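Atoms within each ligand, like the ligands themselves, are counted from 1 in listed order. Note: hydrogens, waters and symmetry copies are ignored here, and every other heavy atom, side chains too, is used. None of these values were measured; they are calculated from a predicted model.
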Amino acid sequence: MKTGDRGARAGNGNFLWLGIETSCDETGVALVEERAGRIRVVGALLTSQVNRHRPFGGVVPELAVREHARNLPLLVTRLLEEAGLRPQDLRGIAVTQGPGLASSLLVGNAYARALAASLDLPVFGINHLEGHLFSPFLEGDGPISFPFLGLIVSGGHTLLAAVEGWNRYRIVSATTDDAAGEALDKIARLLGLPYPGGPEIERLARQGDPKAFRFPRGFPEEGDLRFSFSGVKTAVRYFLEQHAERRSDPRFLADAAASLQESIIRTLCEKTLQAARQRSFRTVAASGGVVANRRLRQMLEEGCRDAGLCCRIAPSGLCTDNAVMIAAAAAWKHAAGIPPSLGTDIDPGLPLAL
Ligand code: AMP
Ligand code: MG
């Protein structure tokens, strides 16, 4: 993989990046322009494969790889066309190297390397989690402010990271079992809702009472920063068995959805605020698919405000997997003078803190 830098040759000081994200079941491409450390999103396209995977209740790797291979070249062509740009206008390519599904990552990386070779461009391998981590700074007031406490809540991850600077990340806490999004997806299935379950539960919860039922919370002791979401999933299973006769009552289902959502979200917010207090962080930055949840956004904002913390939350449309965050991470790092830190190989188990 090329790691050379043609930034100085861009001439007008602008640096146009193509971002590619194929770590799971979304094929994402994006163009971002970086100038003096500021990011402008030129365009972005995303094809979700949700409908292809829905009948199976989860992502089928074999299907995902075929969809990526079919869609990726078409999306890049369309993205450049819609932006009125040519491949020759690019100054760098950013691609997700991991973590994710090996076969899906391979499609994006092979394509990125081939395109970069044909255009003589540098390639930046980006950690998918690093993309999420900095996505809260794509919108809102002010630049990235180190240090910050990053909360990532997605279908595959739930973690808190201390972010001291570029490439200086430490895991403060992570889930000991299911990720929060994974638990929501599994619970939604128990409730008879389609995949992905998080948005479906949020929709149902809007009509329900979050105080109607109590569901257990993982590691509820004050100061224990560990996350656990398999307990609430099991509790919901037993709860639904116990109330089998009410399963067709819409009011009951809405109350159950609101109550279990509240249990998960309150845990996420309280542990984040506790970690910020324990480690004396002034800024909290939240990202990942579950952060699209409006109740979570509201609760975290209020909690931060009460605690006197600066709260940055990823734009709703950029919470789930996307290529804007991948291109932006590469652009920011490049602007900060950080050389590409990842090698040429994909790494399905790539950790955030190396
Ligand atoms: P990601 O892994 O970052 O692509 O995020 C996907 C996960 O986010 C899945 O588990 C979804 O169920 C979850 N998710 C997406 N939107 C919402 C939402 N509005 N509320 C809760 N969870 C959500
Ligand atoms: Mg993700």
Side-chain angles (χ1 to χ4, degrees), residues 19-28 30 46-50 53-54 57-59 64 95-101 104-105 108 126-136 150-159 161 174-175 177-191 193-206 208 210 227 229-230 232-233 257-258 260-269 286-300 313-326 328-329 348-352:
I20 295 174
E21 156 64 39
T22 62
S23 67
C24 190
D25 61 341
E26 322 270 1
T27 317
L46 192 76
T47 57
S48 172
Q49 305 172 6
V50 160
H53 298 284
R54 184 168 285 139
V59 179
V95 61
T96 304
Q97 277 198 294
L101 292 172
S104 291
L105 290 165
I126 293 293
N127 186 317
H128 177 84
L129 294 172
E130 190 178 33
H132 278 304
L133 202 55
F134 290 93
S135 60
L151 168 70
I152 301 178
V153 200
S154 68
H157 297 88
T158 298
L159 60 84
T175 182
D177 41 56
D178 288 353
E182 181 185 359
L184 284 166
D185 292 339
K186 289 175 178 170
I187 290 170
R189 211 169 167 181
L190 296 174
L191 288 166
L193 298 169
Y195 169 86
E200 299 290 333
I201 288 179
E202 178 173 24
R203 205 165 300 133
L204 195 54
R206 258 179 239 142
F227 293 105
F229 297 103
S230 68
V232 61
K233 178 190 66 190
L260 71 89
Q261 176 180 270
E262 191 75 1
S263 158
I264 290 174
I265 281 171
R266 201 164 279 282
T267 300
L268 290 166
C269 289
S287 59
V290 179
V291 173
N293 185 286
R294 282 196 238 163
R295 179 82 185 118
L296 172 54
R297 299 172 81 86
Q298 181 197 15
M299 197 187 285
L300 194 60
I313 301 185
S316 299
L318 297 177
C319 283
T320 46
D321 295 346
N322 65 85
V324 172
M325 67 182 191
I326 302 303
L350 188 65
L352 177 63

Participant: Counting heavy atoms only, which of Ser23, Ala205, Gly289 comes nearest to atom 3 (O) of ligand 1?
Facilitator: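 Heavy atom nearest to atom 3 (O) of ligand 1 belongs to Gly289.
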
Participant: When you measure from the side chain of Asn322 to the backbone N and O of Thr320, does any donor-acceptor pair fall under 3.5 Å?
Facilitator: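 Yes; at least one donor-acceptor contact below 3.5 Å.
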
Participant: Counting neighbours of CZ on Arg206 that are heavy atoms of other residues, nucleotides or ligands and sit closer than 6.0 Å, is the number greater than 12?
Facilitator: yes

Participant: Classify the ring geometry between Phe229 and Phe227 as parallel (under 30°), tilted (30 to 60°) or perpendicular (over 60°).
Facilitator: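 Parallel: the ring planes of Phe229 and Phe227 meet at under 30°.
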
Participant: Can you sort out which atoms of ligand 1 are near Asp185, meaning under 4.0 Å from one of its heavy atoms?
Facilitator: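 Listed by number with element: 9 (C), 10 (O), 11 (C), 12 (O).
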
Participant: Any idea which protein heavy atom is nearest atom 13 (C) of ligand 1, and the distance to it?
Facilitator: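 Sorting protein heavy atoms by distance from atom 13 (C) of ligand 1 puts Val290 CG2, 3.9 Å first.
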
Participant: So Met325 and Glu130, do their side chains get closer than 4.5 Å, heavy atoms only?
Facilitator: no

Participant: Less than 2.8 Å away from the Mg ion (ligand 2), how many protein N/O/S atoms can be counted, ignoring water?
Facilitator: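 There are 3 of them.
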
Participant: How does His132 reach ligand 1, if at all, at less than 4.0 Å between non-hydrogen atoms: by side chain, backbone, both, or neither?
Facilitator: side chain

Participant: Do the side chain of Ser287 and the main chain of His132 share a donor and acceptor less than 3.5 angstrom apart?
Facilitator: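 Looks like yes, one N/O pair under 3.5 Å.
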
Participant: Can a donor-acceptor pair be found, under 3.5 Å and without considering hydrogens, that links the side chain of Asp321 to the backbone of Glu26?
Facilitator: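 Checked: no pair found.
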
Participant: I need the Thr175 OG1 to Glu182 CD distance, nearest 0.5 Å.
Facilitator: 8.0 Å

Participant: Give me the residue, atom name and distance of the protein heavy atom closest to atom 22 (N) of ligand 1.
Facilitator: Gly198 CA, 3.3 Å

Participant: Under 4.0 Å from any heavy atom of Glu202, which atoms of ligand 1 are there?
Facilitator: 18 (C), 19 (N), 20 (N)

Participant: Which ligand 1 atoms, with their elements, are less than 4.0 angstrom from a heavy-atom of Gly181?
Facilitator: 10 (O)

Participant: Give the residue and atom name of whichever protein heavy atom lies nearest to atom 1 (P) of ligand 1, and the separation in Å to one decimal.
Facilitator: Asp321 OD1, 3.6 Å

Participant: Within the structure provided, determine whether Pro99 and Leu129 are in side-chain contact (heavy-atom separation under 4.5 Å).
Facilitator: yes

Participant: In terms of atom number and element, which parts of ligand 1 are under 4.0 angstrom from non-hydrogen atoms of Leu184?
Facilitator: 21 (C), 22 (N)

Participant: Does either side chain, that of Ser23 or that of Glu21, offer a donor lying less than 3.5 Å from an acceptor on the other one?
Facilitator: yes

Participant: Output the list of atoms in ligand 1 that are nearer than 4.0 Å to some heavy atom of Gly155, sorted by atom number.
Facilitator: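 Heavy-atom distances to Gly155 below 4.0 Å select 1 (P), 2 (O), 5 (O), 6 (C), 7 (C), 10 (O).
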
Participant: How long is the gap from CZ on Phe134 to CD1 on Ile126, to the nearest 0.5 Å?
Facilitator: 9.5 Å

Participant: Can you see which heavy atom on Leu260 is nearest to which on Leu191, and at what distance?
Facilitator: CD2-CD1, 4.2 Å

